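See below for the structure under consideration.
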Amino acid sequence: MRTWKAILTAALLASMSAAAQQAAETQPSAQPPAPDATQTAQPSQQAAPATAQAAAIEQPAPAPAPTTMDQVVNLFIQREHGLIKMLSNRTPVVETYLQNLTADPQLGPVPSADHYFLGRMDMGETVDRKDYLKEEDRSMQSRLLGGFGKLYKVQYQPLGFSWMVYADRTDFDREHYDFHYARREFLGDVRCLVFDVTPKPKSGRGRFLGRIWVEDQGFNIVRLNGTYSPAPRNAMFFHMDSWRLNLIPGYWVPSFIYSEEGDFSAGVKNRLAFKAQTRIWGYDLKKGGKDDELTQIRVDSVTDESAASQDASPLQAERVWQQQAEDNVVERLTSAGLLAPEGDLDRILQTVVNNLEVTNNIDLPRPVRTRVLLTSPLETFSVGNTIVISRGLVDVLPDEASLAAVLSHELAHIVLGHNLGSKYAFNDRMLFSDEGTYQNLGFKHIPEEETAADKKAVELLKNSPYAQKLDNVGLFLKALQLRAPQLSALLTTHLGNPLAENGTVNRLTALSTQGPALDNTKLDQIAALPLGGRVKINPWDDKAEMVKAAPVAITSARDKMPFEVTPFFPRLIRYGTGAAAPAAAPTTAAANSGSGN
Ligand SMILES: [Zn+2]
């Protein structure tokens, strides 16, 4: 953190002096429209009261169609400043998952260790990160930083990854950069103009150097690919590929960043090799201020479903109490930006749970619900009758039978009455800051309940439509075991019991010998998938859905990449044109915020 702050200060100082030098020679007057004039004209055109506008999203004023590339440059510079301003009151969730790489003769670069960072980023003036992870995890982080500081003078800065959402937060302009038009190119459905961006000489440290893609209607930057340069003496900037999505009208919102370093060609001495995915979501979350926390007390979370003339029996009271706890937890995790709202993906999970229930004649007093945790680490847990599974785990599961297997463990807990978390029916226990979620909530069972749930889960599976496909589950568990020692961060759970501990898989071990031996040379044997292959999160409203990707033929063992981080290549579409309707229109957002206040 300290190094990073030093870099920023240095860059700011340099840019201020550069601006002073160039103040006299303003931009050529031949370039209409003057960006500043348009920008200042905007608020008066909108004429909305300042208070309401704080929550509503200001739509960019339609720009006159540019006739020269110079005008295009002016427009995207102006739109970038508009984006920085629009996001300045947002505090999205930022997750970075990083895998260190080592060379494997057969598989190429494979993970040798991994690291995980999760926090809320304040996109206002001072970029700040509030960490969800506990103190012990932070000390892991500082050990990591310290270790690299000594060895290579290179640091993984979680803040550094999230910083890559913009090319240049403070000085993205013609005084600090040269822009050269390269060509036109389609990214997904969106036609883009491609520009090479180079910092002007003596424009300071840490300037963006690379390429940007600008969509050709609103002239917003949709992708940045490059690095920052020059690096300070005792730090280094990583290469990044940063993608934005058109989730609200008029704006393309930073969503995914892929970073990679390392060279595995012969003769190269690796100082550093890793790949990392940074995901940003929860833009539409409320800021977790103290006032907000108080509004989260729930009094009437339970609808009374008992017959009107009857009093609740002790057992009924117990069940209602548990449902209250369950509702509280689900709502709190959603408002903290950790749980996707109920959606399409839940219906798929629900179908699998129903298949298990029906074939096992399970008849519960309340239906089992499913929800998706938005984070990457592989985990499941249940609270009351709600089964929660992480996005990362859904991503890496090779087939429906494996999904059924991980869900069956939680269903078994529910069937066996291993109910945890009834203490959360007390609403004071929901009053904590979003960053305190992992310290305040937890759903870990004792080892005896874990063993019993695994035993019951295997019974459920053997009676289910998945009974003939348990070989695939066995293969998945073998693949997980093979990588478990290197992927401790991916296997560190934050709310539920881990699938593996100290490098050994301990979930559903009765099935781990099932099926054929793991064989990388068999190209048709897919035991586990890379991360990010199945679930798509809308970074604005956190909705989760299945990725619609056509299967790609695997041509070598290196294509399998089980549990691995890969580059992002989202199919870009314009707002309102895709099959999946993105976030609510700003008019609705304005109306909601108006009635809510
Ligand atoms: Zn369990």
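Just so we're clear, the structure is a prediction, and the values are computed from it rather than from any experiment. Read the numbers this way: they start at 1 and go in the same order the structure lists the ligands and their atoms.
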ask   = Strictly under 6.0 Å, is that where the ring centroids of H494 and Y116 end up?
value = yes
task = May I ask you to check if any N/O/S atom from H418 comes under 2.8 Å of the Zn ion (ligand 1)?
result = no
inquiry  = So that I can tick it off, tell me whether E459 and K462 are bridged by a salt bridge, with the cut-off set at under 4.0 angstrom between side-chain N and carboxylate O.
reply    = no
query = Hey, is K444 close enough to E450 for a salt bridge, meaning N to O under 4.0 Å?
reply = no
message = Please determine whether H413 has a backbone or side-chain N, O or S atom lying under 2.8 Å from the Zn ion (ligand 1).
response = yes
inquiry  = Could you report the tightest heavy-atom contact between S422 and Q322, atom names first, then the distance?
reply    = CB-CG, 4.5 Å
ask   = Considering only N, O or S atoms, which atom of E450 is nearest to the Zn ion (ligand 1)?
value = OE2
